[in-house]
Protein chains: 2
Amino acid sequence: MSRYLHLANRLKEHIQMGYFAPGDRMPSVRQLAAEHGVSISTVQEAYRVLEQDGLVEAKAKSGYFVALPKERIARPKESKPPQRPMDVSLWEDVLAMLMGHGVEAVCEFQHAMPDMTSSTLKPLLKNIYELNRHRPQDGMSYGHVQGELGLRQQLARLTATTGCQLDPEDFVVTSGCQEALSVCLRAVAESGDVIAVESPGFYGAMQAIKAANLKALEIPTDSRDGMSIEALKLAIDQWPVKAILVTPTVNNPQGYVMPLHKKQALYQLAREYDIAIIEDDIYGDIAFEYPRPKTIKSFDEDGRVLLCSSFSKTLAPGFRVGWIAPGRYRDKVTHIKYVSSSMCPTLPQLAIGNFIRQGGYDRHLRTMRQTYRKARDAMLKAIEQYFPQGTRVSFPEGGFILWVELPEQYDATKLAEQAKEQGIILAPGQMFSATGKYRNCLRFNYIDRDAATRLKALAALGEIFASMGPVKP
Amino acid sequence: MSRYLHLANRLKEHIQMGYFAPGDRMPSVRQLAAEHGVSISTVQEAYRVLEQDGLVEAKAKSGYFVALPKERIARPKESKPPQRPMDVSLWEDVLAMLMGHGVEAVCEFQHAMPDMTSSTLKPLLKNIYELNRHRPQDGMSYGHVQGELGLRQQLARLTATTGCQLDPEDFVVTSGCQEALSVCLRAVAESGDVIAVESPGFYGAMQAIKAANLKALEIPTDSRDGMSIEALKLAIDQWPVKAILVTPTVNNPQGYVMPLHKKQALYQLAREYDIAIIEDDIYGDIAFEYPRPKTIKSFDEDGRVLLCSSFSKTLAPGFRVGWIAPGRYRDKVTHIKYVSSSMCPTLPQLAIGNFIRQGGYDRHLRTMRQTYRKARDAMLKAIEQYFPQGTRVSFPEGGFILWVELPEQYDATKLAEQAKEQGIILAPGQMFSATGKYRNCLRFNYIDRDAATRLKALAALGEIFASMGPVKP
């Protein structure tokens, strides 16, 4: 057998074995050539065979992806938010969700809490337990104003895998990513300034924009590859945009990974117009692609990117350990972080630092990637089966949440009320815009409870859809 | 012996035994009458005897106080800050202090960390240990947006002893008092607004004013009874003051307790001019007076007082558990708290809630009051002995910090540099003003290390003073 056919067969096997899942990016031509000791052209030939067989799809400038099954439900189209800066509203909706639903829940699709049942978290809990037992006095004192050095050293190491060259002193530890985003917004903008955001986008960031008396300018965003760079440029030409706040790697709520060339273009545009970028990378470490995708920060030559993240989605939100790599804004960020909440508790930082150093974090991520990918595939299948015709759904390339766009006549808030009567809790989409768009949309996590319970809950949602009558053409 | 002489002798004994220390408020006439089953006039007679003997002093509208020894060093006079709104500077000084001194310290007088060695803290550590061991999952999840109910119930109970009638839903738990102050400032004021503050005042509050783009208006403040109500009224008449930020009960840095009638007058003034009051009560529970002094919040009839506190000074700062009773600003405070750092970690809240419920908090406070009072007396004596003639010092009525005003020709920053060479770390006074006043002042804690080490360090400071030559007349 010729070399390229041999390689093509190997790759087919890997796809069929599920090593690569539908929608996954395949290894690059260069990478495969190196791994298999063959020429570039041999790999290209092999990919051509896979493409002819319908197993992979080529995407311009992005490489090869495992093809989606043909019957796959459609993805949401690029969004069309109002093209002007807006005051953020919808706090009442967010607060109502935060305050809890007050019912005995069967399945809670509304939150974005990771699966915290994996045994790979045990070494972390052991670290916390031991620190509390043997170093209670350390836990009682004020820590370092930028965060514990032991953790910041590990952050420098971790971010190296995302293409960044950062030192421990380039980090400021925060109370989760929410504080990181809030501090960064206050560091780069003043009352009345305009912040460009994805649409749909994370409600916590929208509400931080509101609290800082800033305005949100929602930019058209595609469910496959994120914020439109063209639309962003038009918006920047028209409005005095002070910063761009994006979640480009495993987006919340859509789950896409913005391709690297778009990340670079976004950085170049920000540089051209001298605008800051606040990059929320909270889900970045649980992208399904491995090694994980690079950040916009990896292109940052002049310190304009404030990279924000936390361990809330990778480990557990209750630890409240987040961080900022604030680039040229470090002094201002340190000041605002200090006045916002003083130092962060030391023991959770030390415990997480130890856990990373001991290799526990990487092991945990490996497990979670598998768990979440499997859960995503089951979720997509169930949505296809139970949701009304015309439903569109985003295709997450990591994490544990996705975005559902129902046909326009559905009202997600009403649907959520009906579902709640059966103990199924939903997150209506309007919170994910500044001004109440996306009334026919919902964000789902696909990891609450167990797979069987989720499936049953989705089937029950199907019955509610059926009871609402047929969709008008 | 007549009843009043009998009572006078008993009280004399108690003063001589140290049950009441110099400067302490004595029990009220009404209270003593009830306790000893005698008439009001009998108690008044007894106090007249003690007054004649020079053992107590009467203060108008405040009652009787244990007299200070005649040779007692003078207290700082009412401050005279510039009477106009100012941008806060001095962040570099604060940051330098926060970043640490980088030397092997003999005694650290600069910080405001409580004594955390008392065995009365053990039940709290046990609670934390048990919760971490048995309920790690609870510690990993998001908690309630206003804080854990178990803690808020205890806060409602505790604040009842300060004269407030509050329910658990009237509280918002924060990451320490720093977040509480920062959130409150953002809730009541907008960019450019003016905040009236004590002078000297807490640098963390000053820096929060800076970070929120507000202006500080320093009000003349007396080291005996706090902010001048007359000066405050003049300032409000002249400038558009949006809020008054005060630490009236065991002030930082001076340690005074504002008398109740002044607290009431401050509230009435704020009401008259429709201004919010942010009341920082972080040291209130460790006032030496028992039951502890009432808050300004206790007069609050229309929800304009935002009461802020934390367990950082009473238990340990590392837990980062603070709170706000935000009155009519609750919705806005909840919003800003949420965007600032999302929910607070649950386990420290639950542990502290349990500790209070089990009676551990009251027991701990009883011990700490004794510890701190004894340490204060030793500190005042040492300052009198070792510090240059003309030094003035505040007389703390609680807590573990005091304020030293050196003769004007001393430069506290230079002194701090010299002291640091001997491992003695000082906090120069300029951080406690918006614009670098108090260059001849210092804040000291009197609880770092042990009593003998402190005494030795103060003696060493005395040598430095001596080496600086005699004070000019």
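Values below: all heavy atoms of this structure, side chains included; hydrogens, waters and symmetry mates excluded. Numbered from 1 within each chain, the chains take letters A, B, ... in sequence-line order.
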Report the option among [options] that has the most heavy-atom pairs separated by less than 4.5 Å from atoms of chain A.
| options | result |
| --- | --- |
| Leu98(B), Val145(B), Leu315(B) | Leu98(B) |
| Lys332(B), Glu190(B), Lys210(B), Arg186(B) | Arg186(B) |
| Ser342(B), Gly192(B), Pro317(B) | Pro317(B) |

Determine, stepwise, if the pair Tyr338(A) / Val94(B) fulfils side chain to side chain contact (heavy atoms under 4.5 Å, CB included). CA-CA 10 Å; Tyr338(A) 170 70; Val94(B) 175; 4.3 Å; yes
Of the backbone (N, CA, C, O) and the side chain (C-beta and beyond), which part of Ala212(A) lies under 4.5 Å from a heavy atom of chain B, both, or neither?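 Both parts, backbone and side chain.
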Is chain B contacted by the side chain of Ser191(A), its backbone, both, or neither, given a heavy-atom distance below 4.5 Å?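 The answer is the side chain of Ser191(A).
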For chain B, which of Gly176(A), Ser312(A), Cys177(A), Gly139(A) has the most heavy-atom pairs under 4.5 Å?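 Counting heavy-atom pairs under 4.5 Å, the top option is Gly139(A).
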Out of Ala208(A), Ser340(A), Pro345(A), Ser182(A), return the one with the most heavy atom pairs under 4.5 angstrom to chain B.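 Greatest number of close heavy-atom pairs with chain B: Ser340(A).
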Determine yes or no for a side-chain-to-main-chain donor-acceptor pair under 3.5 angstrom, with [X] supplying the side chain and [Y] the backbone.
| X | Y | result |
| --- | --- | --- |
| Arg320(B) | Ser341(A) | yes |
| Gln137(A) | Thr117(B) | no |
| Gln207(B) | Val339(A) | no |

What part of [X] gets within 4.5 angstrom of chain A, counting heavy atoms only: side chain, backbone, both, or neither?
| X | result |
| --- | --- |
| Phe311(B) | neither |
| Thr334(B) | both |
| Phe319(B) | both |

Are [X] and [Y] close enough that some pair of their side-chain heavy atoms sits under 4.5 Å apart?
| X | Y | answer |
| --- | --- | --- |
| Ser175(A) | Glu179(B) | no |
| Met116(A) | Ser141(B) | yes |
| His144(B) | Met99(A) | yes |
| His335(B) | Leu95(A) | no |

List the steps, then state whether side chain to side chain contact (heavy atoms under 4.5 Å, CB included) holds for Met140(A) with Leu121(B). CA-CA 11 Å; Met140(A) 290 160 76; Leu121(B) 277 178; 3.3 Å; yes
Could you grab the distance from atom CD1 of Ile128(A) to atom CD1 of Ile128(B), nearest 0.5 Å is fine?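 Going from the CD1 atom of Ile128(A) to the CD1 atom of Ile128(B) covers 12.5 Å.
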